[in-house]
Amino acid sequence: MNRILLLFSALLLSIAFSCSSKRDTGSMNMENWKSDHYGCKSLRMQDVEELERLKHSFLGVDNQALIKTFGRPDRVELVDKSQTFFFYFLEPSGSCDGIEIEKEPLRVLFRLNALSKVSEVTITTQNP
């Protein structure tokens, strides 16, 4: 009986900790964020200051929580087996129709480690 209770408790704990949930984004307008794919509408730029303030709170978050919070990334780059980058463009990127890009657009990069946990958050115009 005790063994069954112990196994059941372990199962409940593993389920509770494996589920990813949306993260707090403060005053960011997530409806605008998710509708501004590749930054084509420049709606994400309205939330840059709040994102800068909150970016450290995303350290250690898993990839599924990022997707639930920010939507699918605009671009995913696999550097090697131990690093992945999620790109969310804040300014219009080269994927926007009818927009000519003169410089690299501002973007937020989430660097994920081999365990798919965020290890770095950077707001930059440079590629990793």
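Quick caveat: nothing in here was measured; it's all calculated off a predicted structure.
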- Item | Side-chain (T69) to main-chain (R23) donor-acceptor, under 3.5 angstrom | yes
- Any side-chain hydrogen bond (donor to acceptor under 3.5 Å, both in side chains) involving residues 84-93? Give me the pairs, sequence neighbours left out, ordered by first then second residue. E91-K103
- Query: Hydrophobic cluster mates of L115, side-chain heavy atoms under 4.5 angstrom, ILVMFWY only, any path?
  - Reply: none
- Query: Got a sec, which residues hit salt bridge (Lys or Arg N to Asp or Glu O under 4.0 Å) with R53, two or more places apart in sequence or on another chain?
  - Reply: E50
- Item | Close side-chain approach of F85 and V79, heavy atoms under 4.5 Å | yes
- Message: Checking E104 now: which residues fulfil salt bridge (Lys or Arg N to Asp or Glu O under 4.0 Å) with it, not counting sequence neighbours?
- Response: R107
- For E52, all residues meeting side-chain hydrogen bond (donor to acceptor under 3.5 Å, both in side chains), sequence neighbours excluded: K55
- Query: Could you go step by step and tell me if F70 and F110 meet the side chain to side chain contact (heavy atoms under 4.5 Å, CB included) rule?
  - Reply: CA-CA 11 Å; F70 293 104; F110 291 94; 3.7 Å; yes
- Message: Run the side chain to side chain contact (heavy atoms under 4.5 Å, CB included) test on L54 and L51 for me, step by step, so that the C-alpha distance in whole Å, both residues' side-chain angles and the decisive distance to 0.1 Å come before the verdict.
- Response: CA-CA 5 Å; L54 293 171; L51 182 61; 5.6 Å; no
- Only counting residues at least two apart or in another chain, list the ones meeting ring-ring contact (aromatic ring centres under 6.0 Å, His included) with F89. none
- Residues passing the side-chain hydrogen bond (donor to acceptor under 3.5 Å, both in side chains) test with E120, sequence neighbours excluded, are R111, T122
- Side-chain touch P105/P92, heavy atoms, less than 4.5 angstrom: no
- Item | Partner residues of D97 under the side-chain hydrogen bond (donor to acceptor under 3.5 Å, both in side chains) criterion, sequence neighbours left out | none
- Query: Does K68 reach the side chain of S21, with side-chain heavy atoms less than 4.5 Å apart?
  - Reply: no
- Flag yes if M30 and I123 sit in one hydrophobic cluster, no otherwise; membership is Ile, Leu, Val, Met, Phe, Trp, Tyr, and two members link when side-chain heavy atoms are under 4.5 Å apart. yes
- Within-4.5 Å side-chain heavy-atom neighbours: L59 and V61: no
- Could you tell me whether the side chain of D47 reaches within less than 4.5 Å of the side chain of S27, counting heavy atoms only? no
- Task: Would you please test L109 and T124 for side chain to side chain contact (heavy atoms under 4.5 Å, CB included) and show each step?
- Result: CA-CA 8 Å; L109 301 177; T124 183; 3.7 Å; yes
- Separation between CG of L78 and CG of L112, rounded to the nearest 0.5 Å: 10.5 Å
- Message: List the residues meeting salt bridge (Lys or Arg N to Asp or Glu O under 4.0 Å) with R72, not counting sequence neighbours, and say none if there are none.
- Response: none
- Message: Using only atom types and a distance under 3.5 Å, with no angle test, would you say the side chain of N113 pairs donor to acceptor with the backbone of K117?
- Response: yes
- Query: Got R75 and E77 here, is their nearest side-chain heavy-atom distance under 4.5 Å?
  - Reply: yes
- Should F58 and F87 be counted in the same cluster of Ile, Leu, Val, Met, Phe, Trp and Tyr side chains packed under 4.5 Å apart? no
- Query: Would a 4.5 Å heavy-atom cut-off, applied to side chains only, mark L66 and F86 as touching?
  - Reply: yes
- Message: Applying side chain to side chain contact (heavy atoms under 4.5 Å, CB included), can you list everything that pairs with D80, at least two apart in sequence or on another chain?
- Response: S82, Q83
- Applying side-chain hydrogen bond (donor to acceptor under 3.5 Å, both in side chains), name anything that partners R44, two or more places apart in sequence or on another chain. D74
- Message: Taking side-chain hydrogen bond (donor to acceptor under 3.5 Å, both in side chains) as the cut-off, I'd like each qualifying pair that reaches into residues 28-41, sequence neighbours left out, listed once.
- Response: none
